[in-house]
Amino acid sequence: MVQSSSAMPQDPFSHLNPQQRQAVTAGLGQVLVLAGPGSGKTRVLTERIAYLIRSLGVRPYGILAVTFTNKAAREMIGRLEKLLGEQVSDLWLGTFHATCARILRREANYLPFTSSFVIMDADDQEALVKRALKDLNLDDKLYRPAAMQAAISNAKNSLVLPKDVPTRNYRDEVIVRVYERYQELLLNSNAVDFDDLLMWAVRLLEDNPAVRERYARRFQHVLVDEFQDTNLAQYQLLGLLSTYHHNLFVVGDEDQSIYRWRGADYRNVLRFEEDFPEAQKILLEQNYRSTQNVLDAARAVIDRNPYRTPKSLFTERGQGEKIILYEAVDDHAEAAYVVDTIRLGLERNPKAGGDFAVMYRTNAQSRLLEEAFLRSGLPYRLVGAQRFYGRREVKDLIAFLRLVANPSDEISLNRVINVPPRGIGDKTLVALQLAARQANLSPGEVLLDLGRNGDRSPYWKAFGGRGAAMLADFGAMLSGWREAQAGELPLPALFDRVLSETVYQEYIEDGSEEGADRWENVQELRKLAYEYMERGLTAFLENLALVSDQDTLPEQVNAPTLLTLHAAKGLEFNQVFIIGLDEGLLPHSRSRDDPEEMAEERRLFYVGLTRARNQLYLVRARQRSTYGSSEYSEPSRFLEDIPDFLLSMQGIQYSSRWPARREAYQRWESTSQASLSRASEGERSRAAILEPRYRPAMRVRHPVWGEGMVLDSRVQDEDETVDVIFESVGFKRLMASLARLEII
DNA sequence: GCGTTACATATTTTT
DNA sequence: TATGTAACGC
C-alpha cells in the first residue's frame with residue numbers, strides 16, 4: 001500500500017471503521033462495496049476520491065465519478081471541496097445522464113445529431129409516442145402511449161434497437177413500428193430522450209474504438225454511486241469507460257434497489273461479480289443511523305427476499321425504543337393519529353419539527369395528511385407531487401426557448417404554436433406538416449420561412465389565406481427571437497421579449513388565484529434564467545432537462561416532511577411514520593402477480609424502515625377510501641415478518657383479529673441466524689398449499705364481508721388466490737392464507 | 001377554432 | 001375523488 005506519510009502527520013483514516021478504511025484504500029482493479037443503509041457510503045466514495053488524489057497522486061483529470069441524482073453529485077462535490085480545496089475542478093463528477101450528454105456533445109460528429117441537440121423529458125417522450133401512433137394510424141386506445149413509451153424505454157435501457165426487438169405477437173410488431181417512427185421523429189427534431197443519452201453513449205464507445213480509447217485512457221479511475229440502480233446500458237457504459245485502466249469502484253446495496261420499473265437491475269451486482277471474478281468485495285455493515293430495534297425489524301423484513309448478499313447490520317447506538325404499530329379504523333383516523341402524535345412530540349420539543357417524516361406508497365395518500373396538518377395548524381413540507389417543471393406555464397415557456405435554440409424541435413412547436421390561442425388549429429397544423437414533409441424540411445423551418453418572406457414564401461399557397469397569415473405572424477416572431485439570440489441578447493431579456501410578444505401574462509393571469517400562482521411560476525423561471533445570464537440559452541436548457549424538481553426543493557425547513565417511500569431514499573429522520581401498511585397499497589396491488597415486483601415492494605418498505613434514526617411508527621387503516629368508495633383491507637403481509645417483541649401495538653385490538661402476528665416471532669427466531677437468502681417470497685410458516693381448496697360456485701363466508709360466491713381460485717406462490725363476489729362489497733381477490741374464509 | 005360537458009382512468013418517477 | 005381527454009355544439 002502506498003503511504004505518502006511524510007506529508008501526513010497522523011493516520012488520516014482514523015475516523016473510518018475498518019471496512020470503510022479497507023474500501024477507501026482498496027488497491028487497483030474492480031472493487032464492489034456493498035453498503036447497507038446508514039453505513040457511510042457517500043463518505044467512503046468521497047474519501048476514496050480524496051485518497052486517490054492525495055495519497056496515490058492521481059490527477060483529478062483522470063477521475064470520473066457518476067451518481068444517479070444531481071443532489072448526490074452536489075453533495076459529493078461539496079464534501080470533496082472540503083477535503084481537497086479547489087483541486088476538484090478538473091474531475092468529472094455528475095449524473096449518468098449529464099455525463100453522457102457531455103460526451104455526446106463533444107463527439108457529435110460521430111453521431112446522427114448535432115452538438116446542440118435537445119433532451120426530451122418524460123412528457124415530451126409521451127407526446128412523441130402519440131405523434132408516432134398518429135403517423136402510423138394506430139389507435140391510442142388500443143396501444144396506450146404510456147405503455148408504448150415504457151416498451152421503447154425498456155428496449156433502449158437494454159440497448160435493443162428497433163430491428164432487434166423480439167416480435168412474438170402482433171403487439172410486438174406494433175411496438176417495433178412505433179419505436180422506429182419515434183426514433184425518426186427524435187432525429188428530425190435534432191433531439192434525444194433520456195434513455196438515448198445512455199444508449200447513444202454506449203453505441204458511440206462501442207462503434208468507435210478511437211473514441212473509446214480516448215475516454216478509457218483518460219479515466220484512470222471510474223467510481224459509481226447507487227450501483228444497484230444501474231440498467232444494462234449504464235452497466236455497459238461503465239465497462240467501456242474502464243476498458244483501459246480497469247479501475248472500477250462501485251458502491252451499492254441490492255436491498256435498496258427500488259427503480260426496477262425504470263430499468264434498474266440489481267442483478268448487475270451479481271453480474272459484476274461474475275464479470276470480474278477478481279474484484280474485491282467489501283461489506284459495510286456498521287450502521288451509524290438507527291437503533292438496533294429498527295435494524296432488527298428491517299432485517300426481518302428484507303431477509304425474506306431471495307438473490308441477495310446476506311448482511312447483518314449492527315449499530316453501537318443501543319436497542320432503542322420499540323416500534324409502534326398502530327391500526328386505525330379508517331384512513332382519516334390514520335392521518336389524525338399521525339398528526340396528533342407529531343403535535344404531542346412538538347409540545348415537548350417545539351423546535352423538533354424537522355425530526356418527523358411521514359412516508360407513503362402513493363402520492364394520493366398525502367391528501368388526507370395535508371388536510372389533517374392544515375386542520376391542526378401545524379406546518380409541513382411536501383416533497384414531490386406538484387412538480388414545478390411539470391407545470392403547464394413553465395413547460396410553455398421552455399418550449400418557446402427550445403424553439404429559439406432549435407426550430408426543428410417539433411414537440412415544442414406543437415406545444416406552443418397555438419399558445420396563447422392565435423388561430424392556428426388542427427387543419428392548419430396538418431397542412432404545415434404536409435408542406436414540411438414535401439419540402440423535406442422540419443415544420444419549424446417552413447414556419448420560419450413564412451415568417452421571413454410572408455406571401456413571397458414558396459409555402460404560402462399551401463395554406464388558406466387566414467392560416468398562412470397566422471403562421472407567418474408566429475414565424476416572424478420566432479425568427480425575431482432567433483435573431484436576437486444570435487445577436488447575443490442576454491437570456492433574461494430574451495425571456496422577457498418572449499413573454500411580452502406572446503402576451504403571455506394576459507393569457508395566464510385571469511384574475512383567479514390559480515392564475516396568480518401560474519404567473520408566479522413564470523417569474524420563478526425567469527429568476528432561474530437570470531442565473532444563466534453568463535452561460536446562456538443552451539446551458540439553461542440543458543440544465544432544465546437534466547435537473548429534477550427534487551433538486552429545487554427548499555431545504556432546511558423545520559417542519560415535518562411528507563414524502564413517498566421512493567423520495568425517501570438517501571434521507572434520514574429521527575422519527576419516521578410509514579402509513580398505509582395494507583395489502584394492496586404496500587405491497588401495491590400492481591405487484592401482486594409478479595414475484596420480482598413483490599420483492600421490490602419489500603425493498604421499498606425496507607428503505608422506509610431504515611430511514612428512521614430513533615422512533616418508527618408503522619400505521620395502517622382497516623378501512624380506506626379509494627377513488628371515492630370505501631374498502632376494507634388486510635394488514636400488509638410485510639408486518640407479519642416483524643417479530644412481536646420489537647413492536648408495541650396501539651389502536652384497535654390486534655391479537656384477536658390477527659393471529660398471524662403470533663407466528664412472526666417463531667419465524668424470526670428460526671430464520672435469524674440462517675438468515676441466508678433462500679427464504680422465498682410466499683414461504684409462509686404454515687404448510688405450503690398445493691391444491692386449491694376453493695372451487696368456482698362454492699359459497700363462502702368472510703369475517704368482514706359476509707357471504708359470497710367463489711368465482712375462481714388458483715394456487716400461486718404456495719398460497720391460494722381466491723376470487724369472490726360478496727353480496728356486501730362485490731368482487732374481491734383474496735389470499736386464502738390471510739382471509740380466513742369459511743366454506744358454507 | 002374554441003369552449004363546454006360527458007367519460008374514462010387511476011404506482012412509484014433518480015434523469 | 002380528481003383529473004385529463006374526447007366528442008360535441010357554437
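Residue numbering restarts at 1 for every chain, and letters A, B, ... go by the order of the sequence lines.
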With sugar-phosphate meaning primed atoms plus P, OP1 and OP2, does A/Ile424 contact a base, only sugar-phosphate, or nothing at under 4.0 Å between heavy atoms? sugar-phosphate

Pair A/Glu600 + A/Arg603, salt bridge at N-O below 4.0 Å: yes

Separation of atom NZ in A/Lys569 from atom C1' in B/dT13, rounded to whole Å: 12 Å

Would you mind telling me which residue lines up with the more 5' stretch of DNA chain B, A/Ser591 or A/Asn418, judged by nearest nucleotide? A/Asn418

Phosphate-side-chain proximity, A/Thr564 and B/dT13, N/O vs OP1/OP2 below 4.0 Å: yes

N-O pairing of A/Asp473 and A/Arg422 below 4.0 Å: no

May I ask you to say what A/Arg466 touches in the nucleic acid, namely base, sugar-phosphate or nothing, with a heavy-atom cut-off under 4.0 Å? sugar-phosphate

What donor-acceptor contacts under 3.5 angstrom involve side-chain atoms of residues 33-41 of chain A, with partners at least two apart or in another chain?
from: A/Ser39; atom 1: OG; to: A/Gly36; atom 2: N; distance (Å): 3.4
from: A/Ser39; atom 1: OG; to: A/Gly36; atom 2: O; distance (Å): 2.6
from: A/Lys41; atom 1: NZ; to: A/Asp225; atom 2: OD1; distance (Å): 3.0
from: A/Lys41; atom 1: NZ; to: A/Glu226; atom 2: OE2; distance (Å): 3.4

Measure the distance between the ring centre of A/His566 and the centre of the six-membered base ring of B/dT12, then answer whether it is under 5.5 Å with planes under 30°. no

Whole angstroms only, please: what is the CG-P distance between A/Asp229 and B/dT14? 12 Å

Stacking between B/dT13 and A/Tyr259, yes or no? Criterion: centroid separation under 5.5 angstrom, plane angle under 30 degrees. no

Give the nucleotide from the list B/dT14, B/dT15, B/dT13 with an atom nearest to the side chain of A/Phe68. B/dT14

For A/Asn70 and B/dT15, is the shortest distance between a side-chain N/O and OP1 or OP2 below 4.0 Å? yes

Which part of the nucleic acid, if any, lies within reach of A/Thr428 when heavy atoms closer than 4.0 Å are counted: base, sugar-phosphate only, or nothing? sugar-phosphate

Return the value, rounded to whole Å, for the distance between atom NZ of A/Lys71 and atom P of B/dT14. 11 Å

Report, as a single string ordered 5' to 3', how protein heavy atoms within less than 4.0 Å touch nucleotides 2-10 of chain C: B base, S sugar-phosphate only, - not at all. S--SS----

Could you go through the side chain to side chain donor-acceptor pair (under 3.5 Å) check for A/Tyr215 and A/Glu107 one step at a time? CA-CA 11 Å; A/Tyr215 285 94; A/Glu107 312 298 338; 2.6 Å; yes

Is A/Lys427 touching bases, backbone alone, or none of the nucleic acid, heavy atoms closer than 4.0 Å? sugar-phosphate

Could you state the atom-to-atom distance from CD1 of A/Ile258 to P of B/dT11 in whole Å? 17 Å

Side chains of A/Asn521 and A/Arg518: is there a donor and an acceptor less than 3.5 Å apart? no

Parallel under 30°, tilted from 30 to 60°, perpendicular over 60°: which one fits the rings of A/Tyr235 and A/Phe227? tilted

Could you tabulate the donor-acceptor pairs under 3.5 Å formed by side-chain atoms of residues 142-153 of chain A, not counting sequence neighbours?
from: A/Gln149; atom 1: NE2; to: A/Gln125; atom 2: OE1; distance (Å): 2.5
from: A/Ser153; atom 1: OG; to: A/Asp195; atom 2: OD1; distance (Å): 3.4
from: A/Ser153; atom 1: OG; to: A/Asp195; atom 2: OD2; distance (Å): 2.8

Need one value for A/Arg260: base, sugar-phosphate or nothing, where a base atom within 4.0 Å counts as base even if backbone is also close, heavy atoms only. nothing

Distance only, no hydrogens: is a donor on one side chain within 3.5 Å (strictly under) of an acceptor on the other, for A/Tyr182 and A/Asp193? yes

Could you state the atom-to-atom distance from CZ of A/Phe605 to C1' of B/dT12 in whole Å? 17 Å

May I ask you to say what A/Asp121 touches in the nucleic acid, namely base, sugar-phosphate or nothing, with a heavy-atom cut-off under 4.0 Å? nothing

Take atom CG of A/Leu604 and atom P of B/dT14, then tell me their distance rounded to the nearest Å. 14 Å

Whichever of A/Thr95 and A/Ala364 has the more 5' nearest nucleotide on DNA chain B, that residue is A/Ala364

Among the candidates B/dT11, B/dA10, B/dT15, find the nucleotide nearest to the side-chain atoms of A/Arg144. B/dA10

N/O donor-acceptor pair, side chain A/Arg262 with base B/dT14, under 3.5 angstrom: no

In A/His588, A/Arg637, A/Arg361, the residue satisfying side chain to side chain donor-acceptor pair (under 3.5 Å) with A/Glu601 is A/Arg361

Taking only the side-chain nitrogens and oxygens of A/Asn231, find out if one of them lies under 4.0 Å from OP1 or OP2 of B/dT15. no

I need the OH-P distance between A/Tyr507 and B/dG3, as an integer number of Å. 9 Å

Distance, rounded to the nearest Å, where A/Arg590 contributes CZ and B/dT12 contributes P: 10 Å

